[in-house]
Structures are given as structure tokens and as C-alpha cells.
Amino acid sequence: QVQLVESGGGLVQPGGSLRLSCEASGTIFSIDDMGWYRQAPGKQREGVATITRHGFTNYASSAKGRFTISRDNAKNAVFLQLNNLKPDDTAVYYCNADRVATKPGGYLNDYWGQGTQVTVSS
């Protein structure tokens, strides 16, 4: 019933920028952490950035200084601003919502979006 939908990916040149968006829909009472993860061909999925319900952020070393994660709790949305993109950033980026409750005191679930492709190439 809860669904996460990402958007904003695309093809950009090195040094370019993209803004990824993710909105969770359905009956949602609360979401703890939200974040962005990515998976490049032949590699495992890795964390890029996370943000708590109260705005505390954490970034992968490769993302620091270039990417910015933000959140809109009213919309159950999370965003990732990608600046100064590099070819190594090429991957499918996935949105995650952690410990989602659909009612007060309800069971907590983890949800993932379908992914959005980011390709950085000259």
C-alpha cells in the first residue's frame, strides 16, 4: 500500500547537476529515516545519503561537498541535489524509507523505490 516513486534522473556531462525526488504515497503515519542509495553495474548497493525525521544527515565520503539531501515531512518526500557529477556517480539511485508506520503504534516496514538512472558521461 505504501509506494515510493523516484524521479529526476537522466544523462548529464561531468560537472553537471541533477535533482532527484522521491515521494512516498499511501496511508503513512510516520517515517523515521529516508535516504538515497545507488548501485552501479557489477557492484553492490551502497548508501549515498540519509536524513532522519528531525533533519540529521549523513553522507558517504564520495558525496560530501557535492550532494545535498533534504526532506519534506509534510509531503513524505526526500530529495537529493547532485552537483559536480562525475562518471563514477553513474548508477541507479534508489529511494528508501525506513521504519514506516501506517498507523500509531503500527508495524514498522522498510520500503524502496523502483530506482532512477543517473548517467554521467562526456
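All values below were derived from every heavy atom in this structure, side-chain atoms included, with hydrogens, water molecules and symmetry-related copies excluded.
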Given a cutoff of under 4.5 Å between side-chain heavy atoms of I, L, V, M, F, W and Y, with clusters grown through shared members, what are the other residues clustered with L80?
->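 V2, L4, V12, L18, L20, I28, I31, M34, W36, V48, I51, Y59, F67, I69, V78, L82, L85, Y93, V100, Y111, V118, V120, which link up through side-chain heavy atoms under 4.5 Å apart, make up the rest of the cluster.
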
Using links of under 4.5 Å between side-chain heavy atoms of ILVMFWY residues, direct or through other members, which residues join V5 in one cluster?
->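 None; V5 is a cluster of one.
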
Can you tell me how far the [atom1] atom of [X] sits from the [atom2] atom of [Y], to the nearest 0.5 Å?
X	Y	atom1	atom2	answer
N96	Y37	CG	OH	5.0 Å
Q1	N109	CD	CG	11.5 Å
N76	S30	CG	OG	9.0 Å

Would you please name every residue forming a side-chain contact (heavy atoms from CB on, under 4.5 Å) with S70, sequence neighbours left out?
->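 If we apply the side-chain contact (heavy atoms from CB on, under 4.5 Å) test to S70, skipping adjacent residues, the hits are R19, F79.
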
Results of side-chain contact (heavy atoms from CB on, under 4.5 Å) for F56 - residues two or more places apart only |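 side-chain contact (heavy atoms from CB on, under 4.5 Å) check on F56 returns T52, H54.
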
Determine which pairs satisfy salt bridge (charged side-chain N to carboxylate O under 4.0 Å, His left out) with at least one residue from residues 55-69, sequence neighbours left out, and list them in order.
->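 Sorted result for residues 55-69: R66-D89.
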
Exercise: identify the closest heavy-atom pair between [X] and [Y]:
X	Y	answer
S17	N83	OG-OD1, 3.0 Å
T90	Q117	CG2-NE2, 4.0 Å
P14	S122	CD-N, 3.6 Å
R71	D32	NH1-O, 2.6 Å
A60	G47	CB-O, 3.4 Å

Criterion side-chain hydrogen bond (donor to acceptor under 3.5 Å, both in side chains) on Q44 and Q39, from CA distance to verdict = CA-CA 6 Å; Q44 295 184 342; Q39 187 167 21; over 6 Å; no

Checking salt bridge (Lys or Arg N to Asp or Glu O under 4.0 Å) for the pair D33/R99: CA distance, chi angles, key distance, verdict?
-> CA-CA 7 Å; D33 298 345; R99 298 185 295 277; 3.2 Å; yes

Pairing residues for Y94 by the ring-ring contact (aromatic ring centres under 6.0 Å, His included) criterion, not counting sequence neighbours =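 By the ring-ring contact (aromatic ring centres under 6.0 Å, His included) rule, Y94 matches no residue at all.
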
Under a 4.0 Å N-O cut-off, is there an ion pair linking K75 with E23?
->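 The answer is no: the pair does not qualify as a salt bridge.
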
Are the side chain of E6 and the backbone N or O of C95 linked by a donor-acceptor pair below 3.5 Å?
->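 Pair found, side chain donor or acceptor close to backbone of C95.
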
Would a distance-only check, ignoring hydrogens and angles, find a side-chain to backbone donor-acceptor pair under 3.5 Å from T102 to T27?
->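 It does not hold such a pair.
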
